[in-house]
Amino acid sequence: MAQIEVDLGSARLDGERERTAAEAARTELAKSLLRLEAMQRLEADLASPNMAYSQHVSW
């Protein structure tokens, strides 16, 4: 019976560690997706004719 309790406690700790790791991975994924979306907007801005023109005009 004692071994079952030890195994149960170990399994609970493993489960908690896995949940924590999964949460961290989801957070990092969300951050990466936001950076990717921002990059796409920056690339679109750089490709637009107005942006290219404003880079060549000195104010």
Side-chain angles (χ1 to χ4, degrees):
M1 187 66 170
Q3 184 61 42
I4 292 174
E5 289 176 7
V6 169
D7 291 345
L8 179 58
S10 178
R12 285 181 176 155
L13 286 175
D14 289 345
E16 181 60 34
R17 283 187 205 111
E18 288 182 19
R19 280 189 293 278
T20 301
E23 182 180 348
R26 284 190 299 272
T27 300
E28 289 304 313
L29 176 60
K31 289 178 184 178
S32 294
L33 289 173
L34 287 172
R35 285 192 291 269
L36 179 60
E37 289 174 8
M39 260 318 210
Q40 291 171 345
R41 286 190 300 270
L42 288 172
E43 287 174 348
D45 288 347
L46 289 173
S48 73
N50 290 338
M51 181 63 87
Y53 174 76
S54 66
Q55 288 178 353
H56 294 291
V57 174
S58 62
W59 297 97

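Quick note: residue numbers are just sequence positions, from 1. Only heavy atoms go into these numbers, but all of them, side chains included; no hydrogens, no water, no symmetry mates.
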Test log, rule side-chain contact (heavy atoms from CB on, under 4.5 Å), inputs Glu5 and Met1: CA-CA 7 Å; Glu5 289 176 7; Met1 187 66 170; 4.3 Å; yes
Rounded to the nearest 0.5 Å, what's the gap from [atom1] on [X] to [atom2] on [Y]? Could you check?
X     : Y     : atom1 : atom2 : answer
Lys31 : Leu33 : NZ    : CG    : 12.5 Å
Asp45 : Gln40 : CG    : CD    : 12.0 Å
Leu42 : Leu46 : CG    : CG    : 6.5 Å

For residues 14-23, run the donor-acceptor check on the side chains, cut-off 3.5 Å, and write out each pair with its distance to 0.1 Å, sequence neighbours left out.
{"unit_1": "Asp14", "atom_1": "OD1", "unit_2": "Arg17", "atom_2": "NH1", "d": "3.0"}
{"unit_1": "Glu16", "atom_1": "OE1", "unit_2": "Arg19", "atom_2": "NH2", "d": "3.2"}
{"unit_1": "Thr20", "atom_1": "OG1", "unit_2": "Glu16", "atom_2": "O", "d": "2.9"}

Apply salt bridge (Lys or Arg N to Asp or Glu O under 4.0 Å) to Glu43 and list each qualifying residue two or more places apart in sequence or on a separate chain. none
Got a donor-acceptor contact below 3.5 angstrom from the Ser10 side chain to the Val6 backbone? no
